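Some notes on the structure that comes next.
All values derive from a computational prediction rather than experimental measurement.
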Amino acid sequence: MLIIKQYPHEMEIPYHLLLDADPSKKLVDKYLSCGILFGAFYNAELAGECLLIFHKNTAEIINLAVLEKYQNKSIGKSLVSMAENQALLCGYKCIEIGTTEHLVKYYEKLGYKYNKTIKDFFVKNYEFPVIDNGIILKNMIRLMKNL
């Protein structure tokens, strides 16, 4: 049974998942200090997480990860939906996400639309090469969705 809820404060921070989506602990800690962390629990085991932060006019899914053994079970989709609902409850009409090229189609299936490309984002904002699926990342693709 899948349960998605705000991540309990008494539980250890799931860095193994958070750092899978963003390898900078410094940035992850910054986002944790101002965001809402959701956990997806499958039969009481943490299967995934989603970190939502808020800007002046938009909410942003800043971190999303699902353990490999739970991928392709709609857990990521459920986490995104929870974040979208929370953003709506907080009065936001738009939600954004920054991603890599190989995940754009996934988010488009969830209703996200291309907004812009930030050239060399990963090169300029990380002190080390960020690698995803064996590819060194350079550009961030920004997507948005009206709620």
side-chain hydrogen bond (donor to acceptor under 3.5 Å, both in side chains): which pairs involve residues 1-18, sequence neighbours left out?
Y15-D29
Pairwise side-chain contact, P14 with L37, heavy-atom cut-off 4.5 Å (strictly under):
yes
Answer yes or no: are there more than 12 heavy-atom neighbours, outside E45 itself, under 6.0 Å from its atom CD?
yes
Got L2 and I4 here, is their nearest side-chain heavy-atom distance under 4.5 Å?
yes
Would I61 and Y112 count as a side chain to side chain contact (heavy atoms under 4.5 Å, CB included) here? Give the steps.
CA-CA 12 Å; I61 295 172; Y112 287 77; 3.8 Å; yes
Please determine whether the number of non-hydrogen atoms from other residues, nucleotides or ligands lying under 6.0 Å from atom CG of N72 exceeds 12.
no
Evaluate the side-chain proximity of I141 to T117: yes if any heavy-atom separation is below 4.5 Å, no if none is.
yes
Given Y92 and Q86, is the side chain to side chain contact (heavy atoms under 4.5 Å, CB included) satisfied, shown in steps?
CA-CA 9 Å; Y92 289 86; Q86 184 65 49; over 6 Å; no
Can you sort out the partners of S81 under side chain to side chain contact (heavy atoms under 4.5 Å, CB included), two or more places apart, ordered by chain and number?
N85
Could you please spell out the steps behind the side chain to side chain contact (heavy atoms under 4.5 Å, CB included) verdict for T100 and I135?
CA-CA 10 Å; T100 60; I135 298 169; over 6 Å; no
With sequence neighbours left out, what residues match K138 under salt bridge (charged side-chain N to carboxylate O under 4.0 Å, His left out)?
none
Taking N146 for the side chain and C94 for the main chain, is one N or O donor matched with an acceptor at less than 3.5 Å?
no
Just so I know, are the side chains of Y114 and V104 near enough to count as touching, which here means a heavy-atom distance under 4.5 Å?
no
Kindly work out whether a path of hydrophobic side-chain contacts (I/L/V/M/F/W/Y, heavy atoms less than 4.5 Å apart) joins L67 to I3.
no
Step by step, work out the side chain to side chain contact (heavy atoms under 4.5 Å, CB included) result for D132 and F122.
CA-CA 11 Å; D132 188 30; F122 295 102; over 6 Å; no
